[in-house]
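Contents: one structure, followed by commentary.
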Amino acid sequence: LVHLIATTPVGSIVNSAPLTGAPQRIPVTVMGCFVHQSKAGSFCQEITGANCSSLTPSALQVSADCSNVFVDGSETRGSEEAVVEFQFAGVSGRVSLRVWFPQLPVQFDLGSAVLKSITVPPGASSSQKCDSLFQQTRIQTKTVFSTGSKSSSVVFVTHLSSDVLQVSNSKIASLVKLSPSYVVLSGQSAGEAVVQAIRGDVILGQSSIQVVATEFVYPVSLKLLAA
């Protein structure tokens with residue numbers, strides 16, 4: 001054995017696991033290159049049983065059987081060159097990947113942080129009155145991904161975080177998930193609450209909202225959304 005070559009099908013990974021809690025894995029192929037003893041030349045073939053370790057475990061990890069590199073949300077940073085080293089029969093080889101890591105906490109983008117009471121338009125009859133109805137607003141989450149030395153532009157990540165969104169007081173406001181990327185916050189009663197993205201016991205981001213009964217709006221058109 002004269003060379004050990006480790007390869008992956010891609011050269012970078014966007015670590016969304018801190019937001020979703022779902023591990024992301026990339027397979028690794030380890031090739032050993034040998035010299036013919038009886039004739040000139042060499043050949044390479046896939047090998048198993050290599051030892052491996054991540055030299056940047058805070059950005060990228062490697063499985064115990066060395067078959068894949070992965071991120072699972074326990075990482076703390078990105079890396080321009082996260083390196084995993086492989087060893088077999090005294091020969092070593094490396095594979096490196098660029099790892100993009102999300103900046104936490106995520107930012108909340110609300111259509112409005114104040115939800116007002118909905119009343120009848122001027123001139124409408126009392127029978128058309130909307131009792132205890134409040135405005136709704138769309139919620140989006142966004143962040144920047146970084147390798148440590150490079151950063152992306154702002155990226156909307158609502159589709160990655162919508163499953164972990166919640167309201168601190170459901171009597172004040174509630175969430176309606178129309179799709180993974182389209183989440184609506186609906187006022188329920190007057191008061192203040194906090195919209196949070198929480199995975200386990202980790203708060204990924206939050207934003208305050210207020211529902212008021214002393215300020216009024218009235219509808220000028222209706223749009224029907226199917227949940």
Side-chain angles (χ1 to χ4, degrees), residues 14-24 71-76 100-146 152-227:
V14 178
N15 188 353
S16 62
L19 304 176
T20 65
Q24 300 162 255
V71 290
D72 63 6
S74 64
E75 300 77 28
T76 58
W100 295 91
F101 189 82
Q103 179 181 337
L104 299 175
V106 297
Q107 303 171 51
F108 277 74
D109 191 346
L110 304 179
S112 175
V114 178
L115 304 180
K116 301 176 182 180
S117 179
I118 299 175
T119 188
V120 296
S125 67
S126 58
S127 63
Q128 295 175 295
K129 184 178 180 181
C130 301
D131 291 328
S132 301
L133 285 182
F134 295 90
Q135 286 181 299
Q136 298 179 334
T137 189
R138 184 180 180 182
I139 294 179
Q140 297 184 89
T141 55
K142 58 187 179 182
T143 190
V144 170
F145 286 83
S146 172
S152 71
S153 56
V154 175
V155 178
F156 283 99
V157 291
T158 312
H159 62 293
L160 298 175
S161 60
S162 59
D163 286 340
V164 296
L165 292 177
Q166 58 183 262
V167 181
S168 61
N169 189 337
S170 60
K171 293 181 179 180
I172 303 298
S174 62
L175 293 171
V176 179
K177 181 179 175 181
L178 301 177
S179 73
S181 60
Y182 204 110
V183 181
V184 172
L185 178 70
S186 178
Q188 300 296 316
S189 64
E192 297 182 355
V194 178
V195 185
Q196 298 174 312
I198 301 180
R199 185 175 61 80
D201 58 354
V202 178
I203 298 177
L204 304 174
Q206 61 184 18
S207 181
S208 298
I209 59 102
Q210 185 179 15
V211 182
V212 295
T214 56
E215 297 182 34
F216 301 94
V217 295
Y218 60 86
V220 293
S221 64
L222 295 177
K223 181 179 182 181
L224 183 63
L225 297 176

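These numbers come from the heavy atoms of this one structure, side chains and all, not from hydrogens, waters or symmetry mates.
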Value rounded to 0.5 Å, distance of OG in Ser170 from CD in Gln188: 8.5 Å

CG on Leu110 to CD on Gln140, rounded to 0.5 Å: 9.5 Å

For Val164 and Leu19, run side chain to side chain contact (heavy atoms under 4.5 Å, CB included): C-alpha distance rounded to whole Å, both residues' side-chain angles, the deciding distance at 0.1 Å, then the answer. CA-CA 8 Å; Val164 296; Leu19 304 176; over 6 Å; no

Sub-3.5 Å donor-acceptor pair from the side chain of [X] to the main-chain atoms of [Y], do we have one?
X      : Y      : answer
Gln206 : Pro105 : no
Arg199 : Pro18  : yes
Gln24  : Ala17  : yes
Ser162 : Pro180 : yes
Gln107 : Lys142 : no

Given Ser161 and Val106, is the side chain to side chain contact (heavy atoms under 4.5 Å, CB included) satisfied, shown in steps? CA-CA 9 Å; Ser161 60; Val106 297; 5.7 Å; no

Go through the steps for Lys177 and Asp163 under the test side chain to side chain contact (heavy atoms under 4.5 Å, CB included), then give the verdict. CA-CA 9 Å; Lys177 181 179 175 181; Asp163 286 340; 2.3 Å; yes

At their closest point, which heavy atom of [X] faces which heavy atom of [Y], and how far apart are they?
X      : Y      : value
Ser152 : Val155 : OG-CG2, 3.9 Å
Gln196 : Val194 : CG-CG1, 3.6 Å
Thr143 : Gln103 : OG1-O, 2.5 Å

With His159 as partner, the option from Ser16, Ser179, Ser181 fulfilling side chain to side chain contact (heavy atoms under 4.5 Å, CB included) is Ser181

Is any side-chain heavy atom of Gln166 closer than 4.5 Å to one of Ile198? yes

Pair Ser208-Glu192, side-chain donor/acceptor within less than 3.5 Å: no

Walk me through whether Thr141 and Leu165 qualify under side chain to side chain contact (heavy atoms under 4.5 Å, CB included). CA-CA 10 Å; Thr141 55; Leu165 292 177; 4.2 Å; yes

